[in-house]
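Each residue takes its place number in the sequence, starting with 1.
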Amino acid sequence: MKFVKAFLLSIAMLPAISTANDVLAMASTAENEALQKGAIADSTLNAASTVNTVSDAVAENKSGDASAANTENAEEAGSEENVASAEPEDSEELDSLQESNLEADAVQFLDFSGAHFPTIHGTRMNSPYGIRKHRLHRGVDMHITIGDSIVAAYPGKVVVSKYNRRGYGHYVMIEHENGTRTLYGHLKKRLVNVGDTVEGGQLVGWGGNTGRSSGPHLHFEIRYGEVNIDPATVFNIEEGTLLENTDHFSIASAVESHNAIQKELSKHRYHKIRPGDTLGKIAIKYGTTIEKLCRLNGIKRTSILRIGQTLRCS
């Protein structure tokens with residue numbers, strides 16, 4: 001009888017035992033899932049931490065490399081000379097120190113007969129041709145009023161018509177059949193273009209005060225090859241007329257004057273910076289040293305060289 005009651009009691013408790021087992025199983029599963037999630041979370045955190053550490057290390061290395069590169073570049077910049085690389089500017093100064101050998105040329109005389117005075121009427125000469133402050137003033141400066149008519153000296157073809165803010169301002173250059181070129185600088189306005197053919201006495205521009213100019217004037221030049229001819233040896237500036245014998249103008253006299261000026265300029269030699277120039281190249285050209293160039297010009301080895309800038313070389 002007791003056995004039967006025990007058997008019946010055990011049967012009755014089966015659902016409860018099953019439920020308890022299910023609860024325990026669920027609890028165990030939940031615990032395992034929680035542990036797994038925790039492990040995954042810890043793993044993720046560890047991985048993120050590792051990635052961040054690596055990223056920081058990479059960034060630090062890059063920063064260090066960049067810093068080292070910048071330092072290296074700075075050291076290179078400090079040790080190398082600056083190279084002039086801008087566009088060159090025209091100038092009223094002749095920077096060539098070479099003597100001319102034009103006296104050996106087949107043409108010994110130039111014919112200026114029939115040339116027109118560039119301002120139509122005679123005028124005062126503000127500044128003559130020649131050495132000015134250890135530099136060559138290539139032409140003469142004639143007093144004018146802004147808006148005065150400027151004409152071509154004689155027939156020719158326009159080879160330059162442009163604006164140069166550091167030198168001639170608005171200017172025109174004309175090439176003539178006798179091998180000369182004439183230049184008209186500091187104009188208010190240019191009235192001809194490159195390629196135009198002009199007649200003697202033809203209007204080429206209005207007088208002005210543009211470019212490197214301290215007041216209204218016409219800068220007028222006559223060139224023959226590398227030789228600059230003093231306009232005052234061709235024209236009577238005040239009267240605006242041709243001088244005598246200009247139909248048989250001696251090139252030899254112009255060359256002699258040119259070479260005399262070059263000899264005088266060589267005592268205080270100057271160099272106008274061109275693209276690609278460095279202090280080293282300039283020093284070699286003039287037989288001097290970088291240290292002397294720096295001392296004469298109050299600059300350093302690392303000073304920026306600007307196109308058109310003039311350096312004293314002796």
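There is a path of hydrophobic side-chain contacts, each under 4.5 Å, that joins Phe249 to Tyr129. Leu191 and Ile146 sit in two unconnected hydrophobic clusters of ILVMFWY residues. Membership requires side-chain heavy atoms under 4.5 Å apart, directly or through other members. Put simply, Phe220 and Ile131 are part of the same group of oily side chains (I, L, V, M, F, W, Y) that touch within less than 4.5 Å, one to the next. Taking hydrophobic clusters as Ile, Leu, Val, Met, Phe, Trp and Tyr residues chained together by side-chain heavy-atom distances below 4.5 Å, Ile299 shares a cluster with Ile282.
Atoms SG and CG, on Cys294 and Leu296 in that order, are 9.5 Å from each other to the nearest 0.5 Å. For the atom pair CG (Asn126) and CD1 (Ile144), the distance works out to 9.5 Å, reported to the nearest 0.5 Å. How far CD of Gln108 is from NE2 of His248: 9.5 Å, rounded to the nearest 0.5 Å. Summarising the geometry, atom CD1 belonging to Ile229 is positioned 11.0 Å from atom OG1 belonging to Thr182; distances are rounded to the nearest 0.5 Å. Rounded to the nearest 0.5 angstrom, Ser250 OG and Leu110 CG are separated by 9.0 Å. A distance of 7.5 Å separates CG of Asp141 from OG of Ser213, quoted to the nearest 0.5 Å.
Judged purely by atom type and a 3.5 angstrom limit, His137 uses its side chain to pair as donor or acceptor with the backbone of Pro128. With hydrogens and angles ignored, the 3.5 Å screen pairs a side-chain donor or acceptor of Asn297 with a backbone N or O of Arg312. Without hydrogens or angle criteria, Asn236 side chain to Thr241 main chain gives no donor-acceptor distance under 3.5 Å. Not a single donor-acceptor pair under 3.5 Å links the side chain of Lys292 to the backbone N or O of Cys313. Judged by distance alone, the side chain of Asn259 and the main-chain N or O of Glu256 form no donor-acceptor pair under 3.5 Å. Side chain of Asp148 to backbone of Thr145: a donor-acceptor contact under 3.5 angstrom is found. The backbone N or O of His170 sits less than 3.5 Å from a side-chain atom of Thr210, completing a donor-acceptor pair.
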Derivation of the side chain to side chain contact (heavy atoms under 4.5 Å, CB included) call for Val151 and Val204: CA-CA 5 Å; Val151 302; Val204 296; 5.8 Å; no
Derivation and outcome, side chain to side chain contact (heavy atoms under 4.5 Å, CB included), residues Met173 and Arg223: CA-CA 10 Å; Met173 183 184 287; Arg223 302 181 184 180; 3.5 Å; yes
Criterion side chain to side chain contact (heavy atoms under 4.5 Å, CB included) on Phe235 and Leu243, from CA distance to verdict: CA-CA 5 Å; Phe235 294 100; Leu243 296 174; 5.7 Å; no
Side chain to side chain contact (heavy atoms under 4.5 Å, CB included) assessment of Thr310 paired with Ile273: CA-CA 6 Å; Thr310 300; Ile273 303 299; over 6 Å; no
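By the side chain to side chain donor-acceptor pair (under 3.5 Å) test, Glu291 pairs with Arg301, sequence neighbours left out. Applying the salt bridge (charged side-chain N to carboxylate O under 4.0 Å, His left out) test to Glu175 and every residue at least two apart in sequence or in another chain returns Arg181. Every ring pair (Phe, Tyr, Trp, His ring centres under 6.0 Å) that His176 has, sequence neighbours left out, goes to Tyr154. Scored by the side chain to side chain donor-acceptor pair (under 3.5 Å) test, Thr288 finds no partners at all (sequence neighbours excluded).
Sorted by first then second residue, the salt bridge (charged side-chain N to carboxylate O under 4.0 Å, His left out) pairs that include residues 238-255, not counting sequence neighbours, number zero. Residue pairs meeting the salt bridge (charged side-chain N to carboxylate O under 4.0 Å, His left out) criterion with at least one member in residues 182-208, sequence neighbours excluded, do not occur.
Between Tyr184 and Tyr171, the gap from one ring centroid to the other reaches at least 6.0 Å. For Tyr168 and His219, the ring centers are positioned less than 6.0 Å apart. Ring centroid separation for the pair His186 and His217 comes in under the 6.0 Å cut-off.
Using a 4.5 Å heavy-atom cutoff, the side chains of Phe117 and Met142 are in contact. The side-chain heavy atoms of Tyr224 and Ile251, taken from C-beta on, include a pair separated by under 4.5 Å. Side-chain contact check for Ile304 versus Arg306: some heavy-atom pair is nearer than 4.5 Å. A 4.5 Å side-chain heavy-atom check between Val192 and Val172 finds at least one atom pair inside the cut-off. Contact of the Thr123 side chain with the Leu218 side chain is not registered, since no non-hydrogen atoms from C-beta on lie closer than 4.5 Å. Ile307 has its side chain within reach of Pro275: a pair of non-hydrogen atoms, C-beta onward, lies under 4.5 Å apart. Val198 places a side-chain heavy atom less than 4.5 Å from the side chain of Ile174. At a threshold of 4.5 Å between non-hydrogen side-chain atoms, the residues Ile150 and Thr119 count as touching.
Closest approach of Ser149 and Leu203 over heavy atoms only: CB-CD1, 3.5 Å.
For His271 and Asp277, the side-chain atoms include at least one donor-acceptor pair closer than 3.5 Å.
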